[in-house]
Structure formats: structure tokens, C-alpha cells
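Please read the structure below before turning to the comments.
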Amino acid sequence: MPELPEVETIKRDLEGTVLGRKILGVAINNPAVIRQPGPTQFAAGLRNAVIKRILRRAKVLILELSNGKALTVHLKMTGQLVYPGNGKTSRVSFRLSGNNTLDFNDQRLFAELRLLDDWRELKFIKELGPEPFDLTIRSFKKLLSGRKTRIKPLLMDQTFIAGIGNLYAAEILFRAKINPERSAVSLAEAEKTLLFKEIVAVLDEAIKCGGSSIDDYVRVSGKRGDYSRKHKVYGRQGKPCMACKTVIKKIAMGGRGTCFCPRCQK
DNA sequence: AATGGGACCTGCGCGC
DNA sequence: TGCGCGCAGGTCCCAT
């Protein structure tokens with residue numbers, strides 16, 4: 001569930017808490033989340049490294065280290081980074097200078113931690129589409145041109161545009177008044193323009209709110225994100241549309257639940 | 001190229 | 001009360 005706004009929020013939280021700290025030791029309570037390299041090398045490669053810079057690409061957090069390596073974190077659905085942590089309930093705990101622990105939690109073990117020599121060479125990152133905030137209306141329209149696929153799965157396709165997941169795709173399409181089953185090529189120029197504006201607006205507002213806390217997502221401090229209160233369609237199936245009172249529908253698209261207003265979204 | 005389905009996981013809420 | 005089931009969704013992988 002953490003999407004671009006949640007990961008960006010965590011990135012900024014980490015900049016205010018762990019940036020500049022040294023990793024004194026790593027406790028691995030469940031090695032399943034460490035995808036690369038093996039747990040022993042992972043822990044050894046992090047020891048005594050200083051966190052020099054923190055970046056986000058799509059939904060991936062990147063912690064650049066003083067030893068030239070980078071720790072990448074993909075939270076997938078239930079990953080959390082908590083500081084200061086308790087070191088007990090975590091999958092992995094990083095003991096930091098300053099006598100506190102950064103805890104990595106992940107109920108479902110989908111998340112992925114990696115220690116890489118060059119994060120830019122990670123296949124997933126190399127194949128990513130552009131960041132939404134780097135696009136202009138013109139470049140967005142160019143991306144869309146010739147795409148016959150349905151607009152909602154396309155927005156969630158990380159090789160098309162980076163960082164949008166199921167929740168924000170639904171919210172963006174509601175605000176752009178576009179039915180999620182429309183094909184990209186069927187969109188009129190004005191619809192493409194509005195869609196782009198709403199992508200930027202929704203993501204921007206969500207970042208300002210610290211993201212959406214639905215399931216497990218929390219900020220680094222453990223605080224919840226406030227954007228959930230602003231959701232117009234996500235999780236509102238069966239309830240009246242906030243704009244027209246029509247019942248919000250939920251359908252399956254590409255195996256994912258998709259909420260929309262059948263009257264507002266044409 | 002587009003689409004669907006299953007896999008990975010675990011906890012929760014539902015119906016019975 | 002307890003049990004089994006479906007569902008939640010980011011990404012990969014396979015089949016059509």
C-alpha cells in the first residue's frame with residue numbers, strides 16, 4: 001500500500017532522524033526480507049557505514065552510505081520503518097549512533113531490502129518510467145500516445161509512470177472524471193490534460209498530509225498519515241458519491257479492486 | 001502488445 | 001465460540 005506519497009513521507013522523516021548517523025550493527029530477526037546479498041554479507045556491509053544521503057525513486061527508498069554502497073528498501077504492502085524502534089517486533093533492526101534503533105517491520109514478508117554496490121543498476125529501477133513530478137503536460141501526453149491499454153492499469157504500470165499504486169490511481173481517476181476502464185487512446189485532449197493535473201495535485205496533497213494510513217502504513221515516528229480522510233472513492237464501495245450521491249461501485253481490474261463513481265466518471 | 005491468472009505472505013472480517 | 005474462506009495489493013512470472 002505505500003505508494004509514492006507514503007514513501008516520500010518516510011524519506012523526509014528519515015532525513016530528519018537518521019541522516020548522518022552511523023550504523024553500528026544490524027540484527028536480522030527474519031532473513032526472508034533480505035534479498036541481496038546473503039544476511040551475513042548484508043550485515044557486514046552495513047556495519048560502520050554512515051547514512052550520507054536518502055533518495056526515493058518510485059516506491060523505493062535508497063539510503064546512500066559512506067562506503068559507496070546503498071541500502072534499498074521496498075516496503076511493498078506492509079513494510080514499516082520506525083525510529084526510534086523497540087528492536088523487538090522487527091524483522092531487521094539497525095542499531096545507530098546516538099543509541100537508538102531503526103526498526104524495519106513487515107507483517108507479510110513481501111518487502112525487499114538490498115545492499116547494492118550501485119543502486120542504479122537494479123533491474124526494477126532501470127526499467128522505471130518517469131517520476132510524475134518530472135513530467136510536463138506535453139511529455140505526459142507523449143507517453144500516453146498509442147497506448148491502447150486501459151487507463152487504470154496503465155497508471156499503475158511502474159514502467160509507464162513511477163510511484164502510482166491502486167489507491168492513488170482510483171483517487172486520481174475520480175478527480176479527473178475518467179472511468180477506470182477507458183482505454184488510454186480514447187481520452188480526449190482535455191481529459192489527458194485534466195488527468196495530468198490531477199496526478200500532480202493528488203500526489204502533492206497526499207504528501208502534504210503525510211500519506212494515507214489504511215492498513216499498516218505509518219510514518220517513521222509511528223504517526224498515521226492524514227490523507228485517508230480525503231479519499232473520495234478508495235474503500236468507499238457501497239457508499240454514496242461525495243459529488244452526486246450515486247453508489248460507489250467496486251469492480252476487479254487486473255486482479256485489483258477498483259472503486260469508482262459510475263455517474264461522475266465517464 | 002495486451003490481458004488474465006497465479007504466486008508470494010499474513011491477518012482480518014465475514015458467514016455459517 | 002470457532003472454523004474456513006476470501007480478500008487486501010506491489011511485483012514477478014507464465015500463459016494465451
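None of the values given here were measured: they were computed from a predicted structure. Note on naming: letters A, B, ... go to the chains in the order of the sequence lines (proteins, then strands), and numbering restarts at 1 for each one.
Residues of residues 198-214 of chain A that place a heavy atom closer than 4.0 Å to DNA chain C do not occur.
Taking the P atom of each, B:dG5 and C:dG6 are spaced 15 Å apart, rounded to whole Å. B:dA7 and C:dC5 have their P atoms separated by 16 Å, with the value rounded to a whole Å.
Each of A:Pro153 and A:Gln107 was matched to the nucleotide of DNA chain B holding its nearest heavy atom; the match closer to the 5' end belongs to A:Pro153.
In this model, the phosphate group of B:dG4 is approached by a side-chain N or O of A:Arg150 to a distance below 4.0 Å at OP1 or OP2.
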- Task: Return one dot-bracket line describing DNA chain C 5' to 3' (Watson-Crick or G-U wobble pairs, both distances under 3.5 Å; ( ) same strand, [ ] crossing, | another strand, . none).
- Result: .|||||||.|||||||
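Residues A:Lys126 and A:Glu121 are paired through a salt bridge, judged by an N-O separation under 4.0 Å between the basic side chain and the carboxylate. Under a 4.0 Å N-O distance rule, the pair A:Lys59/A:Glu6 does not qualify as a salt bridge. Using a 4.0 Å cut-off between charged side-chain N and carboxylate O, A:Glu189 and A:Lys141 make a salt bridge. Residues A:Asp106 and A:Arg91 are not paired through a salt bridge, judged by the lack of any N-O separation under 4.0 Å between the basic side chain and the carboxylate. Here A:Glu171 does not pair with A:Arg175 in a salt bridge; the nearest charged N to carboxylate O distance is not below 4.0 Å. Ion pairing between A:Arg182 and A:Glu191 holds under the 4.0 Å rule for side-chain N and carboxylate O. Ion pairing of A:Glu112 with A:Lys76 is present here, as a side-chain N (NZ or NE/NH1/NH2) and a carboxylate O approach within less than 4.0 Å.
Checked against side chain to side chain contact (heavy atoms under 4.5 Å, CB included), A:Asn48 has the following partners two or more places apart in sequence or in another chain: A:Lys22. Legend: residues meeting side-chain hydrogen bond (donor to acceptor under 3.5 Å, both in side chains) with A:Arg12, ordered by chain and number and at least two apart, are A:Glu8.
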- Reading nucleotides 6-11 of chain C 5' to 3', which nucleotides get B (base under 4.0 Å from a protein heavy atom), which S (sugar-phosphate only), which -? --BBBB
Atom pairs and distances, side-chain donor-acceptor, residues 233-254 of chain A, under 3.5 Å, sequence neighbours left out:
residue	atom	partner	partner atom	Å
A:Arg236	NH1	A:Lys232	O	3.1
A:Arg236	NH1	A:Pro240	O	3.1
A:Arg236	NH2	A:Pro240	O	2.9

